[in-house]
Amino acid sequence: MSGAILSVNSGSSSIKFGLFDVVDGQPELSARGKLEKIGISPRLEIRDREDATIASREWAGQSDLTHEDLLENLFDWAPDNLPRREIAAIGHRVVHGGTEFTRPILIDDDALEKLDGLCALAPLHQPDNLAAIRAMARLAPGMPQVACFDTAFHATMPAVASRIALPRRFAEQGIRRYGFHGLSYEYVAARLHELDPELARGRVIAAHLGNGASMCAMLDGRSVDTTMGFTALDGLVMGTRCGTLDPGVVLHLVQHEGLSASEAEDLLYRESGLLGLSASSSDMRALHASEDPQAVEAVETFVWSAAHHAAALCASLGGLDAMVFTAGIGENDPLIRAAIAARLEWLGVVVDEAANQRNAQVISAPQSKVAMLVIPTDEESMIARHTLSLASAGV
Ligand code: ADP
């Protein structure tokens, strides 16, 4: 296929994108960009593959600009301001594929309608993902568009790991554990396989620790369990999400505090986690910099939660050969990695302090029974690979 691939990751307040040339049949990054602060004061930054800024722009104070307005602006502006590239196909991250879409698909009207039907299962992400697809369809009619699902990687989970112990009729309505961050895990699994095929065939926990955080238990590179469930709220303590929570707490808040459904949604998705516990920030760097005991407790709880879930995933794997850290915190934060590893010492984990400090690829000591690695994730490149293979096959 000739022409470039654009991969789009559209969220509630930001749109990340990557532009990939096709070299020897493989996508190769040429530029990455981010439209952020959508709904507040949008701005755009584009960087080349050496991470040097090649373009930036601001729409100061223009809080009324929608995702579609900004994509349209970008489309009109790019040809005069960026090296011209003919785009051949666009790939999108779509959070929820439900039970039907367990691999990437070429989007048509029928698929888009089905994906619309899944908005209720991921109200905070799915509508923005689909808005970008619709905007691109209007801006570039006839352009092949591919949807890559965050749930798809977990389609290999055994039934026992996806079941929720409610009356059966709820499973028929799609209430089950799906898991998310699948594009990140797929990338990490592929990269681990390149680095150490034997380790990749073993029992591996990948820890995606960013604003959203989860872990995936992989056997031979396939998901067998994960910490997020029906929604991206479950599992680890996150930046602003509470993670695993006794459902009795929600009942209590509704019955005794008069919380409405939308107040509960705000509380659990946007006001909890590190932000809720510290009462100051959802950002791990800010918490490390603070001496406030509440910030210290927030970090302590994050680490406890991560180690707790890692231990549970060991039960699904029957032991552990390797643990891989990825995403903002996982890739850059030696303190958090060391603290999680310390709580997993009983598994035979030994970290090499110097390697950990410099975010090396292998951070375990030679005598460690579990290999500990840092692998930077790249969801946009995973989207580009899927998009290239589907668009070239024309299926
Ligand atoms: P998102 O889920 O929004 O993509 P990221 O993967 O960018 O999130 O992760 C954001 C988190 O990573 C924040 O808590 C941020 O503080 C943390 N982070 C990023 N860089 C560093 C760093 N150098 N040291 C510690 N934490 C970092």
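We count ligands from 1, going down the list as the structure has it; atoms in each ligand are counted the same way. Numbering of residues begins at 1 and proceeds along the displayed sequence. In this text the structure is predicted, and so the values were computed from the model without any measurement.
- Residues Arg270 and Glu265 form a side-chain contact, since some pair of their non-hydrogen atoms from C-beta on lies under 4.5 Å apart.
- The protein heavy-atom contact nearest to atom 6 (O) of ligand 1 is Gly328 N, 2.9 Å.
- For ligand 1, the polar-atom distance check finds no N/O of His208 at less than 3.5 Å from any of the ligand's N/O atoms.
- Within the 4.5 Å cutoff, no side-chain heavy atoms of Ile164 are placed close to those of Phe170.
- His154 and Ser223 share a side-chain donor-acceptor pair at under 3.5 Å.
- No N or O atom of Leu209 sits closer than 3.5 Å to an N or O atom of ligand 1.
- In this structure, Leu19 and Ile46 have side chains that are not in contact, with every pair of non-hydrogen atoms separated by 4.5 Å or more.
- Of the N or O atoms in Ile329, one or more lie within a sub-3.5 Å distance of an N or O in ligand 1.
- By the 30° and 60° cut-offs, the orientation of the rings of Phe230 relative to Tyr178 is tilted.
- Considering backbone and side-chain N/O of Arg285, one or more are found under 3.5 Å from N/O of ligand 1.
- In this structure, atom 16 (O) of ligand 1 lies nearest to the protein heavy atom Asp283 OD1, 2.6 Å.
- The closest side-chain heavy-atom distance from Arg134 to Leu112 is below 4.5 Å.
- Atom numbering of ligand 1 starts at 1 in the shown order; those under 4.0 Å from a heavy atom of Ala327 are 6 (O).
- Contacts between Lys16 and ligand 1, counted as non-hydrogen atom pairs separated by less than 4.0 Å, involve the side chain only.
- Note that the CD atom of Glu297 and the OG atom of Ser278 stand 10.5 Å from one another [nearest 0.5 Å].
- Within ligand 1, counting atoms from 1 as listed, the ones closer than 4.0 Å to a heavy atom of Gly212 are 2 (O).
- In this structure, the protein non-hydrogen atom closest to atom 8 (O) of ligand 1 is Asn211 N, 3.2 Å.
- Using 4.0 Å as the threshold, Gly239 has no heavy atom nearer than that to any atom of ligand 1.
- Nearest-heavy-atom check against atom 21 (C) of ligand 1 across Asn332, Asn359, Asn9 picks out Asn332.
- By the 3.5 Å distance cut-off applied to N or O atoms, Met284 is counted among the residues near ligand 1.
- Shortest non-hydrogen contact noted between Leu115 and Gln126 is O-NE2, 3.2 Å.
- In this structure, a donor-acceptor pair under 3.5 Å is present between the side chains of Arg337 and Asn359.
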